[in-house]
Amino acid sequence: MHTLLWIAIGATEICVMLFIVAATVLAAVIRPATASPVMTYLYACDIFSTTDGSDMHVQPEVSLEVLDDMRVVVSRKGFGRTLTDTGAVSLAVNIKGTDISIEERITPGSGDVLEEPVKAIVYLDCLRPSGRPLHIHYRSQSLSRETAMSLAIVPGIVMTRILAQ
């Protein structure tokens with residue numbers, strides 16, 4: 001007593017099966033490969049009181065320049081009397097693929113206030129050429145200001161942005 005079960009497959013059923021196969025293939029293609037880990041690098045900035053009149057910027061700005069050896073110079077101006085001669089500026093650089101987050105931390109110190117123009121400079125050796133532009137988000141916690149830019153790691157490239165509130 002065997003009963004044969006016949007399933008009638010029509011055009012609607014074939015379309016539904018093809019849709020399911022297409023959705024499965026599309027999901028496999030779109031799914032990102034393994035997620036890259038977040039790498040964090042910490043840097044201490046060198047602070048300079050400049051006497052050059054061309055650097056008399058009171059508006060906070062950040063400049064990134066790619067050197068011939070592929071290091072990136074971060075130059076920060078416009079601290080607005082927040083630093084003293086015992087103060088410090090440090091950067092935490094978080095890298096996840098091509099997304100770069102730079103967090104600036106200012107420790108004012110307890111000495112005499114530095115008069116503008118003051119410049120903080122640091123050399124980043126953690127940003128590598130990837131063939132694609134890096135998406136950089138720079139944020140100053142102390143001043144509640146930030147900016148964003150795209151930077152290709154190509155020697156000679158210079159990007160300057162105003163830090164906005």
Exercise for the section: Check whether any side-chain heavy atom of P60 lies under 4.5 Å from a side-chain heavy atom of K77, and answer yes or no. Expected result: no
Practice task
Following the transitive rule for hydrophobic clusters with a side-chain heavy-atom cut-off under 4.5 Å over Ile, Leu, Val, Met, Phe, Trp and Tyr, establish whether Y41 and I153 coincide in one cluster.
Solution key: yes
Problem - Which atom of S150 lies closest to which atom of M159, heavy atoms considered - result: O-CE, 3.5 Å
Practice task
Return each pair, listed once, that meets side-chain hydrogen bond (donor to acceptor under 3.5 Å, both in side chains) where at least one residue sits in residues 156-165; pairs must be two or more places apart or across chains.
Solution key: S63-T160
Exercise for the section: Check whether any side-chain heavy atom of L143 lies under 4.5 Å from a side-chain heavy atom of L163, and answer yes or no. Expected result: no
Practice task
Check the pair E146, H137 against side chain to side chain contact (heavy atoms under 4.5 Å, CB included), reporting the backbone distance first and the verdict last.
Solution key: CA-CA 7 Å; E146 59 189 328; H137 181 254; 2.6 Å; yes
Exercise for the section: Answer with yes or no whether the hydrophobic clustering places V72 together with V89; edges join I, L, V, M, F, W, Y residues whose side-chain heavy atoms lie under 4.5 Å apart. Expected result: no
Problem - Residues Y123 and D46: side-chain donor-acceptor under 3.5 angstrom - result: no
Practice task
To the nearest 0.5 angstrom, please state how far the CD atom of E61 sits from the CZ atom of R145.
Solution key: 11.5 Å
Handout entry: pair L83-I47: side-chain heavy atoms closer than 4.5 Å
Key = yes
Fill in the blank from the handout: In this structure, CD1 of I121 is separated from SG of C45 (nearest 0.5 Å) by 9.0 Å
Exercise for the section: Report the C-alpha distance between V93 and Y43 in whole Å, list the side-chain angles of each, state the deciding distance to 0.1 Å, and finish with yes or no for side chain to side chain contact (heavy atoms under 4.5 Å, CB included). Expected result: CA-CA 8 Å; V93 181; Y43 294 92; 4.0 Å; yes
Practice task
Find out whether E65 and S75 are in side-chain contact, i.e. whether some heavy atom of one side chain is under 4.5 Å from a heavy atom of the other.
Solution key: no
Exercise for the section: Show the numbers, then the answer: is there a side chain to side chain contact (heavy atoms under 4.5 Å, CB included) between L42 and L91? Expected result: CA-CA 6 Å; L42 303 175; L91 299 180; over 6 Å; no
Exercise for the section: Indicate yes or no: at least one non-hydrogen side-chain atom of S142 is less than 4.5 angstrom from one of F79. Expected result: no
Practice task
Using atom types as modelled and distance alone, determine if a side-chain donor or acceptor of R71 lies under 3.5 Å from a backbone N or O of D68.
Solution key: no
Exercise for the section: Find out if a path of hydrophobic residues (ILVMFWY) with successive side-chain heavy-atom gaps under 4.5 Å connects I95 to V74. Expected result: yes
Donor-acceptor list for residues 97-111 side chains, cut-off 3.5 Å, not counting sequence neighbours:
{"residue": "E103", "atom": "OE1", "partner": "R139", "partner atom": "NH1", "Å": "3.4"}
{"residue": "E104", "atom": "OE1", "partner": "R76", "partner atom": "NE", "Å": "2.7"}
{"residue": "E104", "atom": "OE1", "partner": "Y138", "partner atom": "OH", "Å": "2.6"}
{"residue": "E104", "atom": "OE2", "partner": "R76", "partner atom": "NH2", "Å": "3.3"}
{"residue": "E104", "atom": "OE2", "partner": "S140", "partner atom": "OG", "Å": "2.6"}

Exercise for the section: Please answer: with hydrophobic residues joined when any side-chain heavy atoms are less than 4.5 Å apart, are I136 and M39 in the same cluster? Expected result: yes
Practice task
Would you please test V66 and V154 for side chain to side chain contact (heavy atoms under 4.5 Å, CB included) and show each step?
Solution key: CA-CA 6 Å; V66 182; V154 176; 5.7 Å; no
Practice task
Report yes or no: do F19 and I14 belong to one cluster of Ile/Leu/Val/Met/Phe/Trp/Tyr joined by side chain heavy-atom distances under 4.5 Å?
Solution key: no
